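Data block below; observations after.
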Protein chains: 2
Amino acid sequence: MRVTRKSDYGLRALCTLARHYNREPVSIGQLSAEHKIPEPFLEKIMQELREHGLVEATHGRGGGYLLKKRPSQISLREIVQALDGPIALVTCLDPSLKCAIEDGCPTSPIWEIVNHQLEEYLASLTLSDVMKLQGE
Amino acid sequence: MRVTRKSDYGLRALCTLARHYNREPVSIGQLSAEHKIPEPFLEKIMQELREHGLVEATHGRGGGYLLKKRPSQISLREIVQALDGPIALVTCLDPSLKCAIEDGCPTSPIWEIVNHQLEEYLASLTLSDVMKLQGE
DNA sequence: TGAACTCGGAGTATTTTACTCGGAATTTGA
DNA sequence: TCAAATTCCGAGTAAAATACTCCGAGTTCA
């Protein structure tokens, strides 16, 4: 029942990018220094976020990453899905796998409900909510 | 973002025990056959559930497990906590560990909220809800 | 007394997570 | 035009968590 460190790190980095929204790009070096995240690992994370359309990168000197959408348009759900893959509380619910027990699985209905609830809740929270909570 | 197989298996086994509530105990052998769970693994799971007061065991021939409380008194939260440990979406929130970033952690407030929401939701669902959803 | 059970501790195998490494491509400034 | 600063990409490795197994001992009952 845990989000991976990738999602945790990713969210932290995105917070910084949210602060820099509409300003100069932020490099891996800066991001990893600010959040104490190992550089090469964060590099992978940012690449995945880019592949999923959450950030964009500019190459070369002075380059780095920027949010591709407004902070209020980026939900926790997108972030977690981008970095951890589909949200599936039990393997049954992972679309890339199939449930071992074809039918009459006694527990999948309840997990489906919980899973759906969780997804919706994560979808309702955005980077700007995260920012708002920061000062407190 | 996944519940371990222990919780998944545990819930399945508890469903069977719920059907047998106030009847004869059910052995590991029966439970593992019904749900196709490896016997020695299920044995461990049932032991943990017993240690957490969710089931009770009777030894010897004809023995096995029974629910210790009514199905409507056993929540998904208890089950998951018994088998997977504390519900903590990020390591920050695990009471047995401490957050690496002492203060000013930018993301822990939001995770705390999501975590709390999830816990409450799991607490609101009980074994009898799981049973009700089964037939459908 | 022996078969059908659980108990408890200590192990192992597998999978997932958390990272590292190195070389190529791109951009900018001196 | 060259060197520094950056991302890109593919392939790897290390560590940790999960998913199990094994075995000997204790209980209960017929």
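All of these numbers come straight from a predicted model, not from anything done at the bench. Convention: sequence-line order gives letters A, B, ...; per-chain numbering from 1.
Among the heavy atoms of the strands lying under 4.0 Å from B/Gly64 are primed sugar atoms or P, OP1, OP2 only; no base atom is included. Residue B/Pro40 is classed as a base contact, given a heavy-atom separation below 4.0 Å to a base.
When rounded to the nearest whole Å, the span between CD of A/Glu48 and P of D/dC9 equals 12 Å. Remark: C1' of C/dG8 and CD of B/Glu51 are 9 Å apart, rounded to the nearest angstrom. Atom pair B/Phe41:CZ and C/dG11:C1' shows a separation of 15 Å (rounding to whole Å applied). Taking atom CD on B/Glu43 and atom P on C/dC5, their separation rounds to 12 Å, with Å as the unit. The distance between atom CG of A/Leu83 and atom P of C/dT16, rounded to the nearest whole Å, is 18 Å. One can place CG of A/Leu66 at 11 Å from P of D/dT7, the figure rounded to the nearest angstrom. Atom-to-atom, NZ of B/Lys44 to P of D/dC20 comes out at 14 Å; the value is rounded to the nearest Å. Per the geometry, CZ belonging to B/Arg50 stands 9 Å off C1' belonging to C/dG8, to the nearest Å.
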Donor-acceptor contacts, no H, no angles, side chain residues 52-64 of chain B, under 3.5 Å, sequence neighbours left out:
{"residue": "B/His52", "atom": "ND1", "partner": "B/Glu48", "partner atom": "O", "Å": "2.9"}
{"residue": "B/Thr58", "atom": "OG1", "partner": "B/Gly64", "partner atom": "N", "Å": "3.3"}

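Each of A/Tyr9 and A/Gly60 was assigned the nucleotide of DNA chain C with the nearest heavy atom; the assignment lying further toward the 5' end belongs to A/Tyr9. Taking the nucleotide of DNA chain D with the nearest heavy atom to each of A/Gly62 and A/Gln47, the more 5' of the two is matched to A/Gly62.
The closest side-chain heavy-atom distance from B/His20 to B/Glu24 is below 4.5 Å.
Taking every side-chain heavy atom of B/Thr4 into account, D/dT18 is the closest of C/dC7, D/dT18, D/dA5.
Checked against B/Leu76 for a side chain to side chain contact (heavy atoms under 4.5 Å, CB included), the options B/Val3, B/Leu11, B/Leu14, B/Thr126 give a single hit: B/Leu11.
The CG atom of B/Leu127 lies 12.5 Å from the CZ atom of B/Arg70; values are rounded to the nearest 0.5 Å.
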